[in-house]
Amino acid sequence: MRIGTYNVENLFNRARALDQRTWSAGRPALEAYEQICELLEEPLYTPDIQADILRVLRKLDLLNGDTAKFARLRQNRGRLLRRSRKDGVFVVAKGRGDWIGWVELTTDRVDEQGMLNTARVIHDVGADILGVIEAENRIALKRFTDAGLLVGGAPRYPQVMVVDGNDERGIDVGVLATGAYPLVGQRSHVDDTDEVGRIFSRDCPEYHFATPAGGRLVVLVNHLKSKGYGGKVASDATRRRQATRIAAIYRDLLAEGITDVAVVGDLNDTPESEPLAPLLQGTDLRDISTHPAFDDGGRPGTYGYCTARNKIDYVLLSPSLWARTTGGGIFRKGVWGGKRGVLWPIYDTMTKAVHAGSDHACIYADIDL
C-alpha cells in the first residue's frame, strides 16, 4: 500500500492574503487577522481592548467600512462598531456576548489549471491513503474528488473525510482513502488543551482503517503552526506543544495495542528543529525520507525550492510499519521549480507559477502489508 500526504493549498477558494506573489505582501493582514480574532473573543471589551480592536481594524482597512481587500467584518446581530461623521468610529459592543459577528478573510478563486494539476498530482501518486492539508471543508474535498479523481468513471477515493478545525481561515486537514481500506473509526483532537490552552492550530484527527488482512491501521493527519507570521518564539513554542501532544496520542495508541500507526502532514519545521524534537526524537517513529530505498530526486525538501531547510512535510511510521516499508519518494511534478520552473521536471500544463498544483510536493511511503 502507499500512504502519502499532500498540502493542496485549498481546492476552490483561497484567502487572498495567503495567495500573494510574495509572503511578505499578505503577512501583515494575516497577523492582524489573528490578533482581531483573539480580541473579539474577549468576554468583556475594556477600554484597552476597545482601543486594540480599533487599532487592528485600522490595519485591516475595516475602520470605515465592513469590506476591505483582505478582510470583511460581519455584524450579523447587534453591532461591534458605530461609525459617525461627527464622533468618529468607536466600539459599542460591551463584550463577546453583546453581538454576533466576526472578521473573515476575503477569498479568491483558485486558478482552474492549478486545480487540474492538483488532481493530476494525486492521480499520479496513487496513494491508497492520502492525508490532505489545507482543504476548505469536506464538501469541497468531496466535490473535487468526485469530479476530478475518477477511475473507470467511479471516484478513486470513495472515502472522504474532513473535520473542521480551529483555523478560521478555512484551511483544514482531512483524508482520502480507497475502498480497499475501509474507514472504521475516527477521533478528533480539535479541543485538546494543555496548561497554556488549546493545542492544535487545526486538528490532529485519528483515522482508523481496516486492512485487507483484518488488521487496524491508524493515520494521524497534521498541519502544525506556521512560521509565516507571528513571532518566532511564540510559533516555535506552539509547534513544540503540538509535537508533544501528537507524541502522547501516538503512545496512547500503542498502549491500546494498535501498532500500525502513521503520522503524516505539514509539520512546518525541519527534522533537526527543537520544536519537533518531542515527536521526531522523543518517539520511535521513523521518517520515510531516511529509508535507504527512499527517492528524493536529489533534493531533500518538500516545499518551495525543496532545499534542506524546506523539508517540512512528513510521513512518519511506527516500527511495525517501518519493518515492512519497501520505499517511498517525493513527487514534485506539480510544484513550480524555482523562479523559472526549471529546477526539476514539471507538467507540460504548467506554463507559469500560478498553474502549480501546490507549492508543496507530495511525499509518500510504500509498505508491504
Side-chain angles (χ1 to χ4, degrees), residues 9-20 23-110 134-141 143 162-173 188 190-191 193 197-198 200-203 223 225-226 228-231 234 238:
E9 292 193 295
N10 291 52
L11 297 165
F12 298 108
N13 293 283
R14 184 165 175 80
R16 187 175 294 167
L18 288 168
D19 209 25
Q20 297 302 294
W23 180 252
S24 60
R27 180 172 179 169
L30 292 171
E31 291 180 338
Y33 175 73
E34 184 177 42
Q35 293 167 12
I36 196 64
C37 288
E38 292 178 359
L39 288 168
L40 295 181
E41 289 305 311
E42 291 288 340
L44 180 64
Y45 296 163
T46 65
D48 285 345
I49 290 176
Q50 291 180 23
D52 285 340
I53 289 173
L54 295 175
R55 175 180 55 81
V56 178
L57 289 177
R58 182 178 288 107
K59 288 184 178 180
L60 291 168
D61 292 328
L62 291 174
L63 207 57
N64 297 313
D66 285 355
T67 302
K69 179 180 180 180
F70 290 125
R72 179 181 295 110
L73 172 62
R74 298 286 192 187
Q75 301 183 86
N76 294 339
R77 182 173 298 176
R79 304 295 296 177
L80 171 67
L81 303 176
R82 179 169 296 161
R83 301 181 177 104
S84 167
R85 290 185 179 181
K86 178 181 178 182
D87 301 320
V89 183
F90 52 97
V91 177
V92 294
K94 297 178 181 178
R96 178 71 272 188
D98 204 35
W99 71 298
I100 298 175
W102 55 86
V103 171
E104 63 188 22
L105 294 172
T106 55
T107 60
D108 289 327
R109 292 282 293 175
V110 171
E134 296 197 17
E136 294 99 307
N137 51 61
R138 183 180 179 276
I139 298 301
L141 187 56
R143 288 173 176 165
V162 175
V163 177
D164 283 347
N166 293 316
D167 196 317
E168 298 190 44
R169 297 171 298 171
I171 51 176
D172 295 312
V173 298
S188 171
V190 70
D191 289 322
T193 59
R198 184 175 287 163
F200 291 109
S201 307
R202 268 62 69 162
D203 190 6
H223 187 190
K225 177 71 172 70
S226 171
Y229 64 98
T238 298

Is [Y] close to [X] at the side-chain level, that is, under 4.5 Å between some pair of heavy atoms?
X	Y	answer
D164	V190	no
V110	L11	no
D52	R55	yes
R16	L105	no
N13	D108	no
N10	I171	yes
K69	T106	no

Rounded at 0.5 Å granularity, tell me how far [atom1] in [X] sits from [atom2] in [Y].
X	Y	atom1	atom2	answer
D48	I53	CG	CD1	11.0 Å
L80	R74	CG	CZ	14.5 Å
D167	F200	CG	CZ	14.0 Å
K59	I36	NZ	CD1	10.5 Å
I139	R143	CD1	CZ	6.0 Å
L40	I49	CG	CD1	10.0 Å

Just by distance, do the side chain of R82 and the backbone of V92 share a donor-acceptor pair under 3.5 Å? no

Does G165 offer a backbone N or O that forms a donor-acceptor pair with the side chain of D172 under 3.5 Å? yes

Least distance between heavy atoms, [X] atom then [Y] atom:
X	Y	result
D203	S188	OD2-OG, 2.9 Å
S201	H223	CB-O, 4.4 Å
A32	V56	O-CG1, 3.2 Å

Given L81 and L73, is the side chain to side chain contact (heavy atoms under 4.5 Å, CB included) satisfied, shown in steps? CA-CA 10 Å; L81 303 176; L73 172 62; 3.9 Å; yes

Between R14 and E134, does any side-chain N to carboxylate O distance fall below 4.0 Å? yes

Tell me which pairs pass side chain to side chain donor-acceptor pair (under 3.5 Å) where either residue lies in residues 94-103, with sequence neighbours left out. E41-R96, Y45-W99, W102-E104

Would you tabulate the side-chain donor-acceptor contacts of residues 83-90 under 3.5 Å, counting partners in other chains and residues two or more places apart, or write 'none'?
{"from": "R83", "atom 1": "NE", "to": "L63", "atom 2": "O", "distance (Å)": "2.8"}
{"from": "R83", "atom 1": "NH1", "to": "D66", "atom 2": "OD1", "distance (Å)": "3.0"}
{"from": "R83", "atom 1": "NH2", "to": "L62", "atom 2": "O", "distance (Å)": "3.1"}
{"from": "R83", "atom 1": "NH2", "to": "G65", "atom 2": "O", "distance (Å)": "3.4"}
{"from": "R83", "atom 1": "NH2", "to": "D66", "atom 2": "OD1", "distance (Å)": "2.9"}
{"from": "S84", "atom 1": "OG", "to": "K86", "atom 2": "N", "distance (Å)": "3.2"}
{"from": "S84", "atom 1": "OG", "to": "D87", "atom 2": "N", "distance (Å)": "3.1"}

